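Here the structure comes first, spelled out in structure tokens, and everything after it is commentary.
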Amino acid sequence: SGDLSFYKDSLVQETLNDLYDEVMSALFGGRKKSDMELMVDTLNAMEHIGDEDLKHEFHRFFFMQHQRSPVIHETQVNNFENLKSQYSVIKDINSNFYANSLMLFFVEIMSVNVSNKMHTWIERYDNKTNVPFVTTDTPVVNLTGMEFLEKNEFYYPISPKIAIKLCVTSKRSKYSKAKNICLDVTDENEVKKLNLTTAKNCYNEVFSNDEEILKSIRSELQS
């Protein structure tokens, strides 16, 4: 619906961020808060340590969509099969069981690290063009690759008209003050570029509510 207010740091995380800032400030001879203020904030945060953290729960859901894709699952299975051929001690372990277990582990690690150690925000895109967003059997696409950049983008088309990007940066980058934002997309070429990137990252299936768009994408992939 465009309401991104749920996506924000919990009170506990805000307090941890403040404590980190105070440590960094103290290293350079400055302080923003007194010890008493920090103690009061910390005690208050501890009273809310059991509160539901919607931002973290969203990250768990989001990275599950990323890790559950057939592309990643098959890669993990193939890698483990190669290891089994080299080390007899693991030859009896089921490769699919290994890949599924690793998926759950990676989801938790990614969601915790992104929630606690990174600055993140959501960019929500409202497609105002006549070209719909498409999706695939790999619904979340890493647009910026394996190298950690100043702004890292994970793209997730939700419907033909709505898509989001989860943007990730360090807490000390030039994007560290970026906030959730809703944006209109009016350039058909931008939508087509996102669609083609999404299709190239799929395993086997591309989905759309427009048959002609699927034919166009197939033509581009085959050219």
Side-chain angles (χ1 to χ4, degrees), residues 1-21 23 42 45-77 79-80 96-125 133 135-159 162-173 175-182 194 197-198 201-203:
S1 65
D3 181 3
L4 303 177
S5 60
F6 76 94
Y7 191 79
K8 61 183 180 180
D9 286 333
S10 65
L11 177 61
V12 173
Q13 186 59 49
E14 287 180 349
T15 304
L16 288 172
N17 292 342
D18 286 345
L19 289 171
Y20 177 82
D21 288 341
V23 170
T42 302
M46 290 178 67
E47 292 180 1
H48 295 272
I49 202 165
D51 291 357
E52 186 176 34
D53 187 342
L54 292 179
K55 185 175 183 179
H56 176 60
E57 290 302 320
F58 175 81
H59 288 156
R60 295 180 71 199
F61 160 79
F62 189 90
F63 288 115
M64 180 61 78
Q65 306 312 304
H66 180 261
Q67 288 291 308
R68 72 173 177 82
S69 70
V71 172
I72 292 179
H73 182 88
E74 184 175 85
T75 298
Q76 299 294 0
V77 168
N79 288 341
F80 193 62
N96 282 313
F97 175 79
Y98 165 82
N100 288 332
S101 299
L102 198 65
M103 172 186 69
L104 296 173
F105 174 75
F106 280 162
V107 166
E108 293 299 331
I109 291 297
M110 293 170 75
S111 60
V112 167
N113 283 337
V114 168
S115 297
N116 297 346
K117 299 179 181 179
M118 306 293 177
H119 174 68
T120 62
W121 68 99
I122 291 175
E123 294 179 356
R124 179 187 182 275
Y125 293 91
F133 291 129
T135 190
T136 74
D137 51 20
T138 304
V140 173
V141 177
N142 180 353
L143 295 180
T144 43
M146 296 302 293
E147 182 181 358
F148 190 82
L149 306 177
E150 278 204 287
K151 182 184 179 185
N152 305 274
E153 300 177 337
F154 293 87
Y155 172 68
Y156 184 22
I158 297 173
S159 76
I162 302 297
I164 64 172
K165 284 181 184 176
L166 174 62
C167 301
V168 181
T169 189
S170 71
K171 292 186 177 182
R172 291 294 180 268
S173 81
Y175 296 103
S176 62
K177 300 300 182 183
K179 297 181 179 180
N180 299 334
I181 187 171
C182 294
L194 287 169
T197 299
T198 302
N201 280 273
C202 81
Y203 180 75

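All values derive from a computational prediction rather than experimental measurement.
Listed here is the closest heavy atom pair of His119 and Ala178: NE2-O, 2.7 Å. Of all heavy-atom pairs between Phe6 and Leu54, the closest is O-CB, 3.9 Å. Contact between Lys151 and Trp121 at its shortest, heavy atoms only, is CE-CZ2, 3.7 Å. Across all their heavy atoms, Phe133 and Tyr125 have their closest contact at CE1-O, 4.1 Å. In terms of heavy atoms, Thr15 sits closest to Ala45 at OG1-CB, 3.4 Å. Summarising the geometry of Pro70 relative to Asp137, their closest heavy-atom pair is CD-O, 3.2 Å, with the distance given to 0.1 Å.
Inter-residue side-chain proximity for Asn96 and His73 is flagged as met; some heavy-atom pair is nearer than 4.5 Å. Looking at Lys117 and Val112, their side chains never come closer than 4.5 Å, going by heavy atoms from C-beta outward. Side-chain contact between Leu194 and Leu143 is present, with at least one heavy-atom pair separated by less than 4.5 Å. When side chains are defined from C-beta on, Phe106 does not count as touching Ile72, because their heavy atoms never get closer than 4.5 Å.
Qualifying side-chain hydrogen bond (donor to acceptor under 3.5 Å, both in side chains) partners for Tyr203, counting only residues two or more places apart in sequence or in other chains: Glu74. Among residues two or more places apart in sequence or in another chain, the side-chain hydrogen bond (donor to acceptor under 3.5 Å, both in side chains) test is passed with Thr144 by Asn142. The side-chain contact (heavy atoms from CB on, under 4.5 Å) test applied to Thr120 returns Tyr7, Lys55, His59, Val114, Met118, Leu166, Val168, not counting sequence neighbours. Scanning for salt bridge (Lys or Arg N to Asp or Glu O under 4.0 Å) contacts around Lys171 gives an empty result, with sequence neighbours left out. For Asp21, the side-chain hydrogen bond (donor to acceptor under 3.5 Å, both in side chains) criterion is met by Arg172, not counting sequence neighbours. Among residues two or more places apart in sequence or in another chain, the side-chain hydrogen bond (donor to acceptor under 3.5 Å, both in side chains) test is passed with Asp51 by His48.
Ring geometry for Phe80 versus Tyr98: interplanar angle under 30°, hence parallel rather than tilted (30 to 60°).
Interatomic distance, Leu104 CG to Arg60 CZ, rounded to the nearest 0.5 Å: 9.5 Å. For the atom pair Thr169 OG1 and Glu153 CD, the distance stands at 11.0 Å (nearest 0.5 Å). Atom CD1 of residue Ile164 and atom CZ of residue Arg124 lie 9.5 Å apart, to the nearest 0.5 angstrom. Remark: Asp53 CG to Lys8 NZ distance equals 11.0 Å, nearest 0.5 Å.
The backbone N or O of Glu108 lies less than 3.5 Å from a partner atom in the side chain of Ser111, making a donor-acceptor pair. Put simply, the side chain of Asn201 never gets that close to the backbone of Val141: no donor and acceptor are under 3.5 Å apart. Counting only distance, with no hydrogens or angles, the side chain of Asn152 and the backbone of Leu149 share a donor-acceptor pair below 3.5 Å.
Heavy atoms of other residues, nucleotides or ligands lying less than 6.0 angstrom from CZ of Phe148 number more than 12.
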Would His56 and Asn116 count as a side chain to side chain donor-acceptor pair (under 3.5 Å) here? Give the steps.
CA-CA 9 Å; His56 176 60; Asn116 297 346; 5.8 Å; no
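Between Ser1 and Asp3, the side chains place no donor N or O within less than 3.5 Å of an acceptor N or O (distance only, hydrogens not considered).
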